[in-house]
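This structure is a prediction, so every number in the text was calculated from the model and none was measured. Values below: all heavy atoms of this structure, side chains included; hydrogens, waters and symmetry mates excluded. By convention in this document, chain letters (A, B, ...) are assigned in the order of the sequence lines, proteins followed by strands, and residues within each chain are numbered from 1.
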Amino acid sequence: MATTTLIPCGDFKTSYGSDTTIFPTVTSRNFAILGVVLLLAAPAFLDRFWLNQLIQIGYLGIAALGLNILVGFTGQISIGHSAFFGFGAFASAWLNNRWGIPVWACIPLAALMTTAVGMVFGVPAARLKGLYLAIATLAAQYILQDFFARADWFTGGVAGTIAMPLELFGFAFDTDHSYFYVVLVYMVVMYILATNLMRSRDGRALVAVRDHYLSAEIMGINLTKYRTMAFGLSAFYAGMGGALYAHYLQFVSVEGFTILFSIQFLGMIIIGGLGSIMGSLMGTAFMVLLPELMQYLTTALSGTAIDQALNLREAVAFLREMAIGIVIILFLVFEPDGLAHRWKQIKAYWKLYPFSH
Amino acid sequence: MNAGTAQTTAMFEARDVSLQFGGVRALTDVSFRIEKGELFSIIGPNGAGKTSMVNCISGRYRPTSGRVYFNGRDITDMTPNHRASLGIGRTFQNLALFGHMTVLDNIMVGRHHLLKNNFLTGSLYWLTGARKEELAHRREVEEIIDFLEIQHVRKATAGTLSYGLRKRVELARAVALKPDLILLDEPMAGMNLEEKEDMARYIVDLNEEWGMTVVMIEHDMGVVMDISHRVMVLEFGKKIAEGSPEAVLADPRVKQAYLGEEDEEETAPSGTEQQEVA
């Protein structure tokens, strides 16, 4: 328990630099690189359906990472995350449609605009905690949702808005096969940035605020600043994810960014692991792929003996929704630390096999 | 009011500090000075206001009236985080480590006000010199880890450590602030004899070799009398004595307030008897 990683025998660190790398061992780094290389090759042999799933994991994963910085690392709570995601989507489309700024620049600019909005809604966070903060962020959710529906100039109102595809040097990333690379690059970059943040001064300060805010303040950490900043950072990631979503679908409608979507983001980081960078991605993948898995199972189930015996018929579709709920509950009961923790245990098991210590 | 800059040469000065919580007077007109390089102890019975006094120094509480000065500056209205950057560090009576962080990260948090990198430069790590800065500070933090002999737990999660080790990590974190004035709130509470001896040695070393001015609250009279240069005694929020350990120990009011039982055993004949009647 004391050490979180298993360092192979004889792998001694000889400098502080080699002790603060992102990946604890060379093998783990090589595996990560291999993973990215495999993903780079993915469009060559995956069909549109799977690419779509991966793209979804990508942009939702970026937004989930933002929420994890806020909830998992800083110990705040937000149930208005999807509103920031939506704001990023609209902002990017608006910047492009209204001002003609090229899309590649709109995406980060939209993220910055979302940051500003997030900071405004983060101001109460400096004073509120726990349930009170949850309600304050709920207000953010509804205010922004209402804003989306009414601000015709910004969002196109109830009709929604068109978002142009990303173009770079005359090449339009308007297919799943090409847009996959855009999302992949953004995702890798954002995850590396977040990892770096968490191993430097301000990342530690955020965790300190979470673990013991009184002693954090005595250690010279300005609580107001860091709590507001956490909201800003979280909104930045959400806006980035939202902008990527907008230019992928090329259409943004006001209906999508509901509180249910916000709760789904919370589900992703709880399942993935609060306070874990990679956990955010694992949880997102889980939440995106779980409905597909359930779909597959229920399709396989329909028409079988079980289906006929229980007389399920249309109920099969609802079975899927229920199963998702059950899986989440099971997770909370048996693996509250999330997939990231489970993954560590699996790694430890195989590394030590067949000895248990 | 404008009593400020050059008037006082003491490292720390409290002037008529009073602290009230509703009707409860935690501190009443406490004044004292701490000179640079001193090892200053505050003692007194439970509830005497020792921790309240330390909280007034570190900024956790703001005195209801009176002022506190640090290096001649009026710091009464400063936030705790600002005071940390001026060079006031502290440990807590009840452990206040960041439980889910590693020991190393806990101590690195102490470097907060000395580090320059922020969320932007920190995120870009390699490109902005943040890495170089972090590693330079890591080097200094390792000195502290060496000094307090916690090398073996450097990568352990702070929340999993034993009580004695946690106390030591907390001290390390406070030392990492590079404070000029370090406030130790019961650094030896709940420790066995051996751990106490170690801790006393660390405190003396901090004072003599690292040149820190130490303010310590401690109940173990043996330790207090052994290592303190000066002692202040509080009772019911009032200062009842201040001076060298011997002088304080000999003070009849102190005997009555704090060391009463010992006093009976010794049965000092006349002086204390009268004091007790009065």
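Taking each heavy atom of B:Gly122 and A:Ser200 in turn, the nearest pair found is CA-OG, 3.3 Å.
Contact of A:Met229 with chain B is made through the side chain alone, with heavy-atom distances under 4.5 Å. Only the side chain of A:Ile22 comes within less than 4.5 Å of a heavy atom of chain B; its backbone N, CA, C and O stay farther away. With a threshold of 4.5 angstrom between heavy atoms, B:Ser58 approaches chain A through its backbone and through its side chain. For B:Ala96, the parts sitting under 4.5 Å from any heavy atom of chain A are the backbone and the side chain alike. At a 4.5 Å heavy-atom cutoff, the contact between B:Phe92 and chain A is made by side-chain atoms alone. When heavy atoms are compared at a cutoff of 4.5 Å, B:Arg83 does not approach chain A at all.
Sparse packing is recorded around CH2 of A:Trp343, with 12 or fewer heavy atoms of other residues, nucleotides or ligands lying under 6.0 Å away. More than 12 heavy atoms of other residues, nucleotides or ligands lie within 6.0 Å of NZ in A:Lys13, so this atom counts as buried by the packing criterion. Heavy atoms from other residues, nucleotides or ligands lying under 6.0 Å from CZ of A:Phe334 number 12 at most. Heavy atoms of other residues, nucleotides or ligands lying less than 6.0 angstrom from CZ of A:Phe31 number 12 at most.
From B:Asn106, atom CG reaches atom CG of A:Asp211 across 8.0 Å, with rounding to the nearest 0.5 Å. Rounded to the nearest 0.5 angstrom, B:Phe119 CZ and A:Met198 CE are separated by 12.0 Å.
Between B:Asn81 and A:Asn222, the closest side-chain pair of non-hydrogen atoms falls below 4.5 Å. At a threshold of 4.5 Å between non-hydrogen side-chain atoms, the residues B:Leu97 and A:His212 do not count as touching. With contacts defined as side-chain heavy-atom distances shorter than 4.5 Å, the pair B:His100/A:Arg210 qualifies. A 4.5 Å side-chain heavy-atom check between A:Arg204 and B:Leu115 finds at least one atom pair inside the cut-off. Considering only heavy atoms from C-beta on, B:Val109 comes within 4.5 Å of A:Ile221 through its side chain. B:Arg138 has its side chain within reach of A:Asp19: a pair of non-hydrogen atoms, C-beta onward, lies under 4.5 Å apart. Residues A:Ser215 and B:Arg173 form a side-chain contact, since some pair of their non-hydrogen atoms from C-beta on lies under 4.5 Å apart.
Within residues 189-196 of chain A, the residues approaching chain B closer than 4.5 Å by heavy atoms are, in numerical order, A:Ile192, A:Leu193, A:Asn196. Against chain A, no residue from residues 178-186 of chain B qualifies, as none has a non-hydrogen atom under 4.5 angstrom away.
For the side-chain contact (heavy atoms from CB on, under 4.5 Å) test, residues two or more places apart in sequence or in another chain that qualify with A:Ile346 are A:Arg342, A:Trp350. Partners of B:His113 by ring pair (Phe, Tyr, Trp, His ring centres under 6.0 Å), not counting sequence neighbours: none found.
Ring pair A:Tyr226/B:His112: centre-to-centre distance below 6.0 Å.
Between chain A and the residues B:Gly89, B:Pro80, B:Ala84, the largest count of heavy-atom pairs under 4.5 Å involves B:Pro80. Ranked by heavy-atom pairs under 4.5 Å with chain B, the first of A:Thr20, A:Leu206, A:Leu197 is A:Leu197. If you tally non-hydrogen atom pairs under 4.5 Å between each of A:Gly203, A:Ala205, A:Gly17, A:Gly275 and chain B, the highest count goes to A:Gly17.
Both tests hold for A:Arg199 against B:Tyr125: distance to the six-membered ring centre under 6.0 Å, angle to the ring axis within 45°.
Within the 3.5 Å criterion, the main-chain N or O of B:Asn118 finds no donor-acceptor partner in the side chain of A:Asp202.
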Exercise for the section: Assess whether side-chain contact (heavy atoms from CB on, under 4.5 Å) is satisfied between B:Glu134 and A:Arg201, documenting all intermediate values. Expected result: CA-CA 8 Å; B:Glu134 288 281 329; A:Arg201 171 179 177 259; 4.0 Å; yes
